[in-house]
Structures are given as C-alpha cells and as structure tokens.
Amino acid sequence: MRFRRLKLSGFKSFVESAHLHIEPGLTGVVGPNGCGKSNLLEAIRWVMGEASAKSLRGAGMEDVIFAGTATRPARDFAEVSLLIERDEDEAGESEVTRRIERGAGSAYRIDGRDVRAKDVALLFADAATGAHSPALVSQGRIGAVIAAKPVERRQMLEEAAGIAGLHARRKDAEQKLRATEANLERLDEMLLDQEARSGALRRQAKAAERYRVLSERIRLAEARLIYARWAEADRAAEAASGEAMKAQAEVARLQGAMDTARRLQETSAAALGERRDAAAAAREAGRALAHHLATARATRDTAIRRLDELDRLISALSADTTRERSLLADAQAAAAALDEERHSLDQRLASGEAIAARIAADLTKAEARSREAEAVLAALLARDAAMRAERRVADAAIE
C-alpha cells in the first residue's frame with residue numbers, strides 16, 4: 001500500500017482546503033516550528049482511525065476542527081481524505097475519507113461508501129500499517145522506539161512481517177467463535193429439551209389418532225411460551241427504561257445539588273475572607289486603641305505630677321503673697337506715718353530749709369518703697385492667676 005495524496009479541509013490549522021501530493025521518495029516533512037508538520041502526521045493518523053483525542057493533542061475529538069482566530073470564524077466540520085494505491089492484485093486506488101461535525105461525531109467512507117471504523121482499521125491492518133504504526137515517525141518517536149517494551153517491539157516486528165492484519169482478523173474470528181460456541185451451547189440445551197419432549201411424545205405415540213391434535217397443541221403451547229417470554233422481556237425492557245430515566249433524573253438532581261453546594265462553598269469562602277479582613281482590621285484598631293490608651297495614661301500621670309507641682313507652687317505663692325501683703329501693710333503704715341510726719345513737717349516748715357529737705361528725701365524714699373511693694377504684689381497676683389489657669393487646664397486634660 002502506498003499513499004498518493006492527502007487532502008485536508010478545516011482540520012486544525014488547515015482552515016482552507018489543502019492538498020499534499022506524496023510523490024515517490026517523499027519520506028518526511030521538515031520545517032520551522034508552528035508550520036503544521038505535526039498536523040499533517042496527525043491528519044494521516046486520524047483518517048486511519050485514531051480514536052484517542054490525547055494522541056492528537058486535544059481534550060476531545062472535536063478539537064481537531066478549526067477553532068477560529070481573531071479574523072477567521074470557526075468551522076463546523078473537518079474532513080481528511082487519503083488516496084491510497086494498493087498492489088496490482090487488489091483494487092488499485094482507493095480514497096479513504098473521515099469527516100467530523102460538531103455534535104454529530106465521525107463518519108468514514110471508502111470510495112464514497114459509508115463504512116465502519118472497524119472496516120477502515122482492517123483495511124490498513126491488512127497492509128501492515130495503521131494509526132499506531134511505527135512507520136509513522138513523529139517528534140520523539142525514535143527515542144520511544146529505542147526504549148520500547150518487548151510487547152511494543154513484538155508489535156513492530158509483526159507489522160514489519162505483514163501479519164498485523166492477521167492478528168486483527170484473528171481477534172475478530174475469535175469473537176465470532178466465542179459467539180458461535182455460545183449459540184451451540186444454547187442449541188444443545190434446546191436439543192435436550194426437545195429430546196425430553198420427543199420422549200413424552202413417543203410415550204403418547206400409541207394413541208395414533210390423537211397424535212396430530214397433541215402436536216398442534218404442543219406447537220400452540222410453544223408459541224404461547226415464546227410470546228409469554230417475549231412479553232416478559234418487553235416488560236423487563238420497559239422497567240429497565242423507567243429505571244434508567246429515574247437514574248437520569250437522580251443524576252440531574254445530584255448535579256444540581258453539587259452546583260448549589262459549589263455556589264455555597266464559594267459564597268462561604270468569600271464571607272470567610274471578608275470576616276478575616278474585618279478581624280485583621282479589628283486587631284489593627286485594637287492595637288491603635290491600646291497605643292492611644294497608653295499615651296493617655298502617660299499624659300494623665302504627667303498631668304497629675306504637674307498638678308502636685310502646681311499645688312506646691314500655689315502653697316509657696318500663698319506664703320509669698322501673705323508676706324508681701326504684710327510688707328504692703330507695713331509700707332502703708334509707714335506711708336501713713338510719713339504723711340503725718342509730712343503734715344507735722346509742713347507745720348514745722350518754717351523751722352528751716354535743712355529740715356524740709358531731709359523730710360522730702362525721706363518721703364521720696366518711702367514712696368519708692370511703696371511703689372516697689374505694689375509692683376511685687378501685682379507680679380505675685382499675676383503669677384497666682386497664671387498658675388490657677390494652668391491648674392484648670394491640667395484638670396481638664398485629666399478629665
């Protein structure tokens with residue numbers, strides 16, 4: 001078998017119809033990364049019946065359909081055709097086509113005829129090749145061949161010997177043989193049943209006249225038995241269908257419950273995150289309040305010490321005020337005495353200029369002392385008022 005032409009349409013990166021002519025001597029495809037080399041090899045494997053989406057670098061079989069780009073819309077189907085040439089003693093050229101539509105699955109055709117995937121696999125297996133043939137060498141395949149297990153090496157040798165198709169057909173024949181053996185066992189059971197019935201009939205053969213009537217009755221009974229079995233099987237099928245529908249409804253209900261639980265879990269996770277953020281904010285606020293409280297306590301202790309100091313200063317100021325008031329009283333008494341003396345001196349002014357001058361000097365000194373005493377008293381009163389105001393401020397700070 002020789003490959004002649006590969007035609008792709010909508011397969012992965014080949015959005016437009018593309019033709020690859022495989023001329024004699026072409027054994028490989030090389031090119032830069034991303035040019036589509038692997039897509040060509042996967043297209044060949046896909047049209048040869050590859051059923052694993054992972055082997056085609058996809059999550060599902062519909063991933064082989066062009067998914068679209070920013071400038072090109074996605075395609076709804078993908079189709080790959082492979083033109084093969086078989087030996088002269090066979091049918092010559094044939095075209096194998098595989099087409100997949102979104103939501104509809106794959107379909108195979110050979111020369112325009114709809115066939116099964118098994119028929120396509122047998123076609124290539126008879127030619128000692130297939131979707132998993134070691135002859136299809138992709139990136140990293142040489143290393144896999146070198147490190148192949150004995151079973152895989154045996155598969156490569158069988159394919160090289162051209163007996164891979166025989167194994168596939170042997171497996172199919174073995175399945176048919178097992179089915180035939182099951183049918184033979186069932187036939188033996190039926191023969192035993194028929195022999196038992198024939199024995200009963202032989203015992204009744206003496207009544208020759210009733211033989212035909214009994215035969216008709218037996219056939220009627222068998223027909224009724226077959227009908228009863230068919231009816232029972234039909235009822236069992238209906239019951240199984242009902243149970244399947246109930247199971248589907250239960251699955252839908254459980255799926256809904258799972259979706260609800262998932263939404264509740266997401267909501268709970270979001271609420272937990274908010275609670276954690278709120279707790280962190282509360283801890284930060286608590287630390288800030290603790291710092292403010294410590295600062296307030298330190299301020300209060302400072303104010304209390306300042307109040308004690310102010311109390312001591314007020315006591316000292318009261319003593320100074322009392323002393324200065326007594327001095328003021330003495331000064332006022334001295335001033336009164338000086339006034340009286342000045343009055344007497346005025347009367348005695350005539351006694352002489354020397355006495356008048358002395359009295360005037362004494363009067364000036366007394367007046368200066370009186371003014372100094374009044375200034376000291378005013379300063380003390382101002383200091384007392386300032387200290388009282390500072391005490392009121394300290395009391396307000398403590399409160």
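Only this structure's heavy atoms are used, side chains among them; waters, hydrogens and symmetry mates stay out.
- Arg178 and Asn183 are not linked by any side-chain donor-acceptor pair at a separation below 3.5 angstrom, with hydrogens and angles left out of the test.
- Inter-residue side-chain proximity for Ile84 and Arg2 is flagged as unmet; no heavy-atom pair is nearer than 4.5 Å.
- When only modelled atom types and interatomic distance are considered, Ser17 and Ser9 share no side-chain donor-acceptor pair under 3.5 Å.
- Closest approach of Ala43 and Val80 over heavy atoms only: O-CG1, 3.8 Å.
- Contact detail for Asn39 and Phe11: the closest heavy-atom pair is O-CE2, 3.5 Å.
- In this structure, Gln265 places its CD atom where only 12 or fewer heavy-atom neighbours from other residues, nucleotides or ligands lie under 6.0 Å away.
- With no hydrogens or angles considered, a side-chain donor-acceptor pair links Thr260 and Arg263 at under 3.5 Å.
- Under the salt bridge (charged side-chain N to carboxylate O under 4.0 Å, His left out) criterion, Arg116 pairs with Asp119, sequence neighbours left out.
- You'll find the side chain of Val15 reaches within 4.5 Å of the side chain of Arg75, heavy atoms only.
- One distance of note links CG of Leu83 with CZ of Arg4; it measures 8.5 Å at 0.5 Å rounding.
- Comment: Asp320 engages Arg323 in a salt bridge, judged by a side-chain N to carboxylate O separation of less than 4.0 angstrom.
- The heavy-atom pair separating Glu50 from Arg98 by the smallest distance is O-NH1, 2.9 Å.
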